[in-house]
Amino acid sequence: MEHYESDVVVLGSGGAGLVASCGAADSGLRTTVLERSPVFGGTTAVSGGMLWIPNNHLMLEAGMEDSIEDARTYVRRVAGGVVDDERIEAFLELAPELIRYLEKKTPVSLQPIDRPDYHSEWEGARLGGRTLDNLPFDISGYEGLSLKAREGSHFPPLTYQERHEWRSPERFDWDLIAGRMTGGVRTLGAALVAALVVAADQRGVEMKANVRGRELIVENGRAIGLRAETDAGWAEFIGRVGVVVACGGFEWNESMKATFLRGPERNPVSPPWNEGDGLVMAMHAGAALTNMTEAWWVPTFNVPGEEYDGRPMARHVIDELALPGSILVNRAGRRFVNEATNYNDLSRAFHVIDPESCELANVPAWLVFDHRFKATYSVGTVMASEDAPEWFKRGGSLEELAEDAGIDPPGLRATAERFNAQAGSGKDEDFGRGEARHDSYYGDESHGPNACLAPLHEPPFYAIQIVPGSLGTKGGIRTDVSGRVVGMGGEPIPGLFACGNVAGSTMGIGYPGAGGTLGPALTDAFACGRSLGIGSG
Amino acid sequence: MPRYTETVQVSASRDAVWGFVKDVDNWAPMFPGYQRHLEVETDHFVWQIRGEAGVWSRLVEFEVTVLEWNDPNDVTFRIKGKTEPVEGTGKFFSSEGETPRQSQIGFELAAEGRGPTAPMMNALIDRFLTEQSRNFLSALCRKLESTNGAGVTEEQEDPLPTGPGTIFVTYEAPRTREFEEWMHGPHYDDLLRQPGVVGISRFERLGTSGGMGGYVALIQSQDLAATLQYRNSIGRSAQLEADSRGVVRGEGWIARPVFSKRLPWWVRLRKRLQGSGAPPGQ
């Protein structure tokens, strides 16, 4: 068996693993990052890459006000009572420091944007500034980086802010996009991981791909390394000071999903390597678990024939649910949620089980819209100016569409009539769509009286199937505020750390705003890096 | 408009080449990402291709219409995306080679995006057109040479070795910074893009001096047949450029892996420590 030694072994190369490795290396620790897939970047690379960090200095410098008190009030409610105050407090204190660190010590470059918190009407929420968007990152100056850092999947190379300002692909600057593609410029999560891979390289962190961690090596109760499968067979990687487990959630492990999650997760948006390896390793070592029922829920759809990393690719749907002229219905043809609410909490409606039939009441679901909507807004990958593709269900009437999609025709007709009447008055009496600032941000603010409501009456009518998915799971290994893994007895397991989606999130059951996954995850990783440095001293 | 054009020589007669090319079913599966094709009517096809951009891929459909068969010289065709806003034209042509059992074949493909996304589509096409067309032409040459067209049995050369292996190349080259920068930059970038190639190492022979150095290059391939075929056809231009930059006395060998063994890590460590004079155990 091959044998490698360093001070710290980090399993996983997403944003969390990379930040932890940089932190460890900053303390002079020889650090090795192991990645199961052929490229580095993990789930972060295919994400929006934004960081949700309350009270960060960039927002304050841009004149966007915040306070730790308001953030505390807001995060406590978001977390849903399942996260202790000490952990929330640690996040609020350390997170702004993480941003200063990234700005000063790494090539990561962030800007605050005016994207509202996901519960914009709750006490302590902010209408912008807490979400930090990545500026474009040019990889062409770094030899080999284009092959080393995972490419994103979902977006053209635009920042989130550019995307939002230009809104429709018809208004995108396609020359700019082409220039970025040709020049090797990355944005969103792909920019974040590329910059962090550079930061790790600059610190001398050794990075090994195609290494799948399988078993922690524990001696006298202390984690001292791990055994892994490599291209050349089994290998041992020893971390004298510590082992950081940061290898993603379990959203690609059907058995674990069925066992733990509170609802159906059928379409992960992440790369298909997150099978809960790190979680299983930590469980064998006696780690306690937390928040295991939860995921970063998202409604998704699939374009037939699209694949990412050789598996069917899930696309996250947001804007189409908020723009005026669409509705989300179940097979009975009934609306069941405010379509414009944040995607995480919208997805809770997919978990409802009908007590009579014992079936999921709102799965499958259909996004239904009319010709005006189709000709005005992009839907999925289809621009307004393009013909509807074959994979859109369609009908000359709502009843025909319902027949084609497998929806109850009278139910859909009744729903559309009620919705159309309310849309005319600008008030959704059933679910309050468009009332929160969050909703209208994703709606069409040039449309009145409600940016999220318009009747569906122009044939043909269309529908696309919406599938419950996730950005990743967010329950897992229980850690303390230093990132140390807590054992079943409540005491830390010496030498063992965890961060990212493999660990229980500080956000508990909720999702505070865009970047609510990565902001807390990278803060936890920052804590891990510091703890390792202190521990080695 | 992004365009690819390339002409190569194959060891197959012109008649055999044309006989092979006339039947689309013979060569369609060689196109990178090919899924299926359907002949809607005479000389009018719908092709389905899996288009790949890094780790992302998508099924795309094109209408392909043959504009003219000009036996046995060329065939021209037009393509139009059904699922993507792309249009273009292509041409396959052949001519007599230096001997009756040789011929020249050429392939041209030009395509461009339409509509608002055209700049991005063109950037994508630019990125992949040459690579995909080269892979196609290389596969076509390999097939033609291995079967001499439509399976006509003629005197065959030895079949190319298959599976993984290493190509050893020894040569002498100028010891100049300009040459090194070209060799380690664009030349090796090009080599790494060749079919089958997964790695390259370059060594300088010790004991040589003067303006010319002696070198050994090890080109690792996971598919020797693909790599050699390419190097013997399209890839020959890279070797010719190396020659034009002063490379002389080039010779090559092909080797396949037979046996490999590494000492255990602790033995290697002990040897290293002994070698450095440090006492064992430290």
Side-chain angles (χ1 to χ4, degrees), chain A residues 1-5 37-39 41 45-46 143-144 146-147 149-158 168-184 190 232-233 235-236 271-272 303-313 381-387 389-391, chain B residues 2 33 35-36 46 48-61 81-86 112-129 164 181 184-186 188-189 192-193 198-200 220 222 257 260-270 272:
Chain A
M1 186 183 292
E2 291 285 348
H3 183 93
Y4 302 90
E5 296 212 4
S37 81
V39 284
V46 301
E143 190 181 346
S146 65
L147 298 174
R150 180 176 282 277
E151 288 185 78
S153 61
H154 296 240
F155 315 99
L158 293 173
S168 159
E170 267 86 358
R171 292 200 291 273
F172 284 0
D173 183 342
W174 291 101
D175 286 316
L176 174 75
I177 290 169
R180 285 182 180 171
M181 290 173 68
T182 309
E236 280 185 351
V303 177
E306 266 193 335
E307 292 184 354
Y308 184 81
D309 249 358
R311 302 285 287 270
M313 185 174 117
T381 55
V382 183
M383 292 196 297
S385 57
E386 293 178 317
D387 293 337
E390 289 175 6
W391 55 273
Chain B
Q35 302 292 309
R36 60 187 65 85
V46 172
Q48 191 181 62
I49 303 276
R50 178 163 290 286
E52 294 186 357
V55 287
W56 174 83
S57 74
R58 178 169 174 169
L59 284 179
V60 295
E61 288 191 349
K82 283 189 74 180
T83 53
E84 317 295 320
V86 174
E112 67 179 344
R114 300 285 191 202
T117 61
M120 184 198 71
M121 293 300 297
N122 289 338
L124 273 174
I125 292 168
D126 222 19
R127 186 167 154 191
F128 294 107
L129 185 74
E181 284 179 353
H184 298 162
Y188 280 177
D189 287 347
L192 287 168
R193 282 193 290 268
V198 292
I200 182 158
Q220 292 171 284
Q222 59 189 6
S260 171
K261 187 172 184 179
R262 271 169 79 89
L263 288 167
W265 68 269
W266 59 89
V267 179
R268 280 186 278 127
L269 179 63
R270 195 167 61 211
R272 197 173 74 202

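Below, chains carry the letters A, B, ... as their sequence lines are ordered, and counting in each starts from 1.
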Assert top hit (heavy-atom pairs under 4.5 Å, partner chain B, pool A:Glu2, A:Glu143, A:Glu170, A:Arg171) equals A:Glu2
Whatever's closer than 4.5 Å to a heavy atom in chain B on A:Ser37 counts as neither
Bottom line for A:Met383: the part with an atom under 4.5 Å from chain B's heavy atoms is side chain
Between A:Glu151 and A:Tyr308 the two heavy atoms that sit nearest each other are O-OH, 2.9 Å
For [X], which residues count as a salt bridge (charged side-chain N to carboxylate O under 4.0 Å, His left out) partner, sequence neighbours excluded?
{"X": "A:Glu5", "value": "none"}
{"X": "B:Arg50", "value": "A:Glu307"}
{"X": "A:Glu386", "value": "none"}

Contact list (residues 177-184 of chain A to chain B, heavy-atom gap under 4.5 Å, by number) returns A:Ile177, A:Ala178, A:Met181, A:Thr182
Is a side-chain donor or acceptor of [X] paired with a backbone partner of [Y] at a separation under 3.5 angstrom?
{"X": "B:Gln48", "Y": "B:Val46", "value": "no"}
{"X": "B:Asn122", "Y": "B:Gly113", "value": "yes"}
{"X": "A:Trp174", "Y": "A:Pro169", "value": "yes"}

